[in-house]
Novice: 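Dropping the structure in here first, questions after.
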Amino acid sequence: QLGMNNQSSLSQAGNTDFANVLQTGNGNLSSVDQSGASDTADVNQSGSDNQSWLAQGGSGNSATVDQLSNTNYSNISQTGTGSTATVTQN
């Protein structure tokens with residue numbers, strides 16, 4: 001977290017889960033919740049006042065969120081195995 005007034009909440013329950021949250025803008029919110037195994041989440045919030053919620057319930061899921069401008073909203077929910085989601089907001 002390099003910006004100001006950013007919030008990040010992360011919860012991982014499975015084995016070999018990986019999450020990366022990078023917040024370089026200001027006033028961003030991010031929440032990642034992974035309950036399966038081998039899930040991967042990557043959130044990049046370089047703009048300001050962005051919101052990202054991510055939940056992956058199965059195994060081997062992958063999600064990427066890039067919020068590069070201001071006041072964007074993203075919500076990803078994946079249940080199952082081997083799902084992939086990518087969100088880019090410029």
Novice: side-chain contact (heavy atoms from CB on, under 4.5 Å) for N5 and N26? Distances and angles first, verdict last.
Specialist: CA-CA 6 Å; N5 299 317; N26 300 315; 5.8 Å; no
Novice: List for me each residue that meets side-chain hydrogen bond (donor to acceptor under 3.5 Å, both in side chains) alongside S38, sequence neighbours excluded, and say none if there are none.
Specialist: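 Here the qualifying residues are T16.
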Novice: How long is the gap from CG on D33 to CH2 on W53, to the nearest 0.5 Å?
Specialist: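 These two atoms lie 12.0 Å from each other.
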Novice: To the nearest 0.5 Å, what is the distance between CG (L22) and OG (S46)?
Specialist: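 Nearest 0.5 Å value for the CG-OG distance: 8.0 Å.
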Novice: Which atom pairs, one a donor and one an acceptor, fall under 3.5 Å between side chains of residues 60-70 and the rest of the protein, sequence neighbours left out?
Specialist:
| residue | atom | partner | partner atom | Å |
| --- | --- | --- | --- | --- |
| N61 | OD1 | G82 | N | 3.3 |
| N61 | OD1 | S83 | N | 2.7 |
| N61 | ND2 | G80 | O | 3.2 |
| Q67 | OE1 | Q45 | NE2 | 2.8 |
| Q67 | NE2 | Q51 | O | 3.0 |
| Q67 | NE2 | Q89 | OE1 | 3.0 |
| S69 | OG | N72 | ND2 | 3.0 |
| S69 | OG | N90 | O | 3.2 |
| N70 | OD1 | S48 | N | 2.7 |

Novice: Show, in sequence, the C-alpha distance, side-chain angles and deciding distance for V43 and L54, and conclude whether the side-chain contact (heavy atoms from CB on, under 4.5 Å) test is met.
Specialist: CA-CA 9 Å; V43 178; L54 230 165; 3.8 Å; yes
Novice: Begin from the C-alpha positions of S30 and Q23 and carry the test side-chain contact (heavy atoms from CB on, under 4.5 Å) through to its verdict.
Specialist: CA-CA 9 Å; S30 176; Q23 296 173 314; 3.7 Å; yes
Novice: In Å, rounded to the nearest 0.5 Å, how long is the span from CG of L10 to CD of Q34?
Specialist: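 Answer for the CG-CD pair, L10 versus Q34, is 7.0 Å.
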Novice: What's the spacing between D39 CG and D17 CG if we round to 0.5 Å?
Specialist: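 CG of D17 is found 5.0 Å from CG of D39.
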Novice: State, yes or no, whether a side-chain contact exists between T24 and L2 at a heavy-atom distance under 4.5 Å.
Specialist: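 Side-chain contact under 4.5 Å: yes.
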Novice: If you measure from CG on D49 to OH on Y73, what distance do you get to the nearest 0.5 Å?
Specialist: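 One gets 15.5 Å once the value is rounded to the nearest 0.5 Å.
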Novice: Counting N and O atoms only, with roles assigned by atom type, does the side chain of N28 sit under 3.5 Å from a partner on the main chain of G47, one being a donor and the other an acceptor?
Specialist: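 Checking the backbone N and O of G47 against the side chain of N28, a donor-acceptor pair under 3.5 Å is found.
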Novice: Just verifying a value: how many Å separate I76 CD1 and S52 OG, rounded to the nearest 0.5 Å?
Specialist: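 These two atoms lie 6.5 Å from each other.
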Novice: Between V32 and A41, which heavy-atom pair has the shortest distance, and what is it?
Specialist: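 Reported closest heavy-atom pair: CG1-CB, 3.9 Å.
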